[in-house]
Amino acid sequence: MATDYDVILIGGGINGAAAAAALTRQGYRILLLEQNDFASGTTAASTKLIHGGLRYLQAGNARLVHESLQARERLLRRRPHLVRPIPFLFPVYQDDPRPAPYVRGSLYLYDLISPRKVSPGHRSLARRELERLEPALSAEDLAAAYLYYDAQILIPERLCIEYIAEARKAGADARNYCTVDFILVNDGVASGVDYHDVISGRRHHADAHMIVNAAGPWVDAVLKATGEPLRPRLGPTKGSHLVLDLQGRGPGHAVVANAHADGRHIFVIPWLDHHILGTTDVRFAGDPRSAATEDWEVEYLVSEASRLLPGIGIDRSGILYAYSGVRPLPYRPREALEKGIPSRHHLIDHKREGVAGLFSIVGGRLASAERTAEAVVKAARRVIGAPPRSGRPRALPAHEPVRMPFLSPDARDHLARLYGPVAADVAGLAAAEPDLAEPISPVHPDIGAQVAYAVDREAARTVGDVLLRRTAVGLTHDQGRAAAARVAAIMGDRLGWGETQRRAAVREYERELRQRFTLMASAPSPAAAKALPQHA
């Protein structure tokens, strides 16, 4: 028997999640389907920044930068537990393609078009001050240096999970590990989907007045599920990053500079207990699941970082792992791609191609997801009309201050920074079951209650869901291997797994690590992560 919805969203990345939250706030009945886990695609493979895009401003797209900066400031105010200001150092050298006056002017405009900034504006640095702030940074042929602020999101997957949690509280039906097999088109109107649960194998059908394809790099694959001659929309590119374990020797500030080889911006960013080095940007035409970091990308990034930070001695031995993601950009001519000209999100109405009620989201970034969601809401009002019921959320009681005397100070601080206003809900599970107050790993502050919360409230169905997307345990040090068995045991208690299933869940986690990351360092860092760091 079919279930009726107002809108079916296909894709549980940042765009689909933000749209689900926005639509349910308006009162629409929503079904969100994600073929893997929520936030497991492009969202998880980002540079972990919420930024306006300084290089986009330099490419002449001031409107895009203004919109992104507005979104950055909203997130800094609304979700300070996830998004926080981070200082960037920008050294400019004599042979850089953009001279110092040009960079200074760009930074001035960057501040000018950022409304009601949370953080200070940029300022110039004298050579001596730069050497004091980051003595490892190259000062050879230095023309100028600047300090400016952007924003970092330590775990973008959690932003996506929060959007979905808000949508589910408001009545949305959000399902991960559900693959859409067919989009039904009757008399030129998209009217529903057939889909199946990847884990259980069960098949389902759902009808809706409107279908939104928010599948990211799989947008074109979803369009094929209509059986209609819809033209491809993507011109995807692959971006690769290296996660460096520099044993405490890395820069304390984020550093951005022009790459010597091609003039692109190179980032070295403090992240958790490590540093992210990125990024590349090359055309990609394969299966997004197969995107992997190539050896030339490693060589390019390491070479640029070692030139930029000669005082650290960055080489391949400091790489913990590499990761790659596919950016679902609209198709662009080669010359536009090479110039780094960005594209805003596009909400495509396929009615012009003969399929009414079907829309696709192409492009967009972490910072623009809420604006994309607003466009989806406007489209829903055009197609469906005003929702049949009020979507205004009922007033909820204010959260009490997080008081968790039964947890260590490290665990309390960690929960507050990771979960914000719902930290007390996570801690409540540990109060009810004292065993859940214990850490799940000797090198992380995360506790068993987070695993239980991920299963009970956040739809976690695999060990990787917990360690890679509900927490950051699998992203640092030993990639969560020391925690995997404990996580499988807690999940098993809640999901009814036997011992065989628990062992299989741990093996599956190892397989997922090999699939998602290029693992390069064999030994875990000796440093213990006591809490997520805060950047001034």
Side-chain angles (χ1 to χ4, degrees), residues 42 44-49 86 134 136-138 152 154-157 238-257 259-262 264-282 284 290-326 441 443-444 464 467-468 472-484 509-529 532-533:
T42 302
S46 71
T47 315
K48 324 298 183 188
L49 295 175
I86 180 172
E134 288 296 346
L137 196 63
S138 174
Q152 181 179 48
L154 292 174
I155 311 174
E157 297 89 336
K238 182 188 72 169
S240 295
H241 301 77
L242 309 181
V243 175
L244 307 177
D245 186 355
L246 298 175
Q247 304 289 324
R249 295 178 288 109
H253 297 75
V255 177
V256 59
H260 184 74
D262 56 12
R264 286 182 49 80
H265 280 179
I266 291 292
F267 298 93
V268 183
I269 304 170
W271 177 67
L272 304 177
D273 279 352
H274 302 309
H275 287 75
I276 290 176
L277 168 57
T279 176
T280 58
D281 191 16
V282 294
F284 185 82
S290 70
T293 307
E294 299 173 66
D295 191 67
W296 74 263
E297 293 177 287
V298 175
E299 184 62 32
Y300 165 79
L301 292 171
V302 168
S303 174
E304 293 293 344
S306 62
R307 181 186 65 85
L308 182 62
L309 293 157
I312 293 175
I314 295 175
D315 57 27
R316 286 175 176 256
S317 67
I319 304 172
L320 186 62
Y321 61 86
Y323 65 91
S324 299
V326 178
S441 164
V443 293
H444 291 88
L467 294 179
L468 298 175
V473 173
L475 302 176
T476 62
H477 306 301
D478 68 340
Q479 288 83 59
R481 291 181 175 85
Y509 177 61
E510 283 285 349
R511 187 199 67 79
E512 183 172 356
L513 287 178
R514 292 192 296 272
Q515 180 187 38
R516 290 190 172 274
F517 305 128
T518 303
L519 304 174
M520 298 186 182
S522 58
S525 166
L532 295 181

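Since the structure is predicted, the reported quantities are computational estimates derived from the model, not experimental observations.
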S.K.: Evaluate the side-chain proximity of L244 to H274: yes if any heavy-atom separation is below 4.5 Å, no if none is.
M.R.: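 Of all side-chain heavy-atom pairs linking L244 with H274, none is under 4.5 Å.
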S.K.: Nearest 0.5 Å, please: how far is CG in L272 from NE2 in H444?
M.R.: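 So the NE2 of H444 and the CG of L272 are separated by 8.0 Å.
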S.K.: Nearest 0.5 Å, what's the OG1-CD distance between T279 and E297?
M.R.: 8.0 Å
S.K.: CG/D245 to CG/D273 distance, rounded to the nearest 0.5 angstrom?
M.R.: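 CG of D273 is found 8.5 Å from CG of D245.
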S.K.: Taking all non-hydrogen atoms of both residues into account, name the closest pair between A483 and L467 and its distance.
M.R.: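 Heavy atoms only, the tightest pair is CB-CD2, 4.2 Å.
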S.K.: Kindly write out the residues that satisfy side-chain contact (heavy atoms from CB on, under 4.5 Å) with A44, not counting sequence neighbours, or none if the list is empty.
M.R.: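 A44 satisfies side-chain contact (heavy atoms from CB on, under 4.5 Å) with E157 only.
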S.K.: Can you tell if the side chain of I269 reaches within under 4.5 Å of the side chain of K48, non-hydrogen atoms only?
M.R.: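 Counting from C-beta outward, I269 and K48 never come under 4.5 Å.
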S.K.: To the nearest 0.5 Å, tell me how far L49 CG sits from I276 CD1.
M.R.: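 One finds 7.5 Å between CG of L49 and CD1 of I276.
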S.K.: What pair of heavy atoms forms the shortest contact from A45 to H241, and how long is it?
M.R.: O-CE1, 3.5 Å
S.K.: Just checking, any donor-acceptor pair under 3.5 angstrom between side chains of H260 and S303?
M.R.: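 Per modelled atom types, H260 and S303 side chains form no pair under 3.5 Å.
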S.K.: State the OG-CZ distance between S240 and F284, to the nearest 0.5 angstrom.
M.R.: 9.5 Å
S.K.: Closer than 4.0 angstrom, basic N to acidic O: yes or no for E294 and K238?
M.R.: yes
S.K.: Can you measure from CZ (R514) to CZ (R511) and round to the nearest 0.5 angstrom?
M.R.: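 Those atoms lie 8.0 Å apart.
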S.K.: Got L277 and I266 here, is their nearest side-chain heavy-atom distance under 4.5 Å?
M.R.: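 Sidechains of I266 and L277: in contact.
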S.K.: Please report the shortest heavy-atom distance between G252 and P270, naming the atom on each side.
M.R.: O-CG, 3.7 Å
S.K.: Check whether any side-chain heavy atom of F517 sits under 4.5 Å from a side-chain heavy atom of L475, and report yes or no.
M.R.: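 The answer is yes; the side chains approach within 4.5 Å.
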S.K.: Find out whether L308 and L137 are in side-chain contact, i.e. whether some heavy atom of one side chain is under 4.5 Å from a heavy atom of the other.
M.R.: yes
S.K.: By side-chain contact (heavy atoms from CB on, under 4.5 Å), which residues pair with V298, not counting sequence neighbours?
M.R.: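 For V298 the side-chain contact (heavy atoms from CB on, under 4.5 Å) partners, ignoring immediate neighbours, are L242, T293, V302, R316, I319, M520.
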S.K.: So, using side-chain contact (heavy atoms from CB on, under 4.5 Å) as the criterion, who are the partners of R516 when residues are at least two apart?
M.R.: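 side-chain contact (heavy atoms from CB on, under 4.5 Å) list for R516, sorted by chain: S40, L468, R469, E512.
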S.K.: Under 4.5 Å between any side-chain heavy atoms of I86 and W271, yes or no?
M.R.: no
S.K.: Would you please say whether a donor-acceptor pair under 3.5 Å links the side chains of R481 and Q479?
M.R.: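 Side chains of R481 and Q479: pair found under 3.5 Å.
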S.K.: Does the plane of the ring in Y323 sit parallel, tilted or perpendicular to the ring in Y321? Use 30° and 60° as the thresholds.
M.R.: tilted
S.K.: What is the minimum heavy-atom distance between I312 and P251, and which atoms define it?
M.R.: CD1-CD, 3.5 Å
S.K.: Search all heavy atoms of Y509 against all heavy atoms of G474 and return the closest pair with its distance.
M.R.: OH-CA, 3.4 Å
S.K.: So which heavy atom on A291 is nearest to which on V326, and how close?
M.R.: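 Shortest heavy-atom contact: CB-CG2, 3.8 Å.
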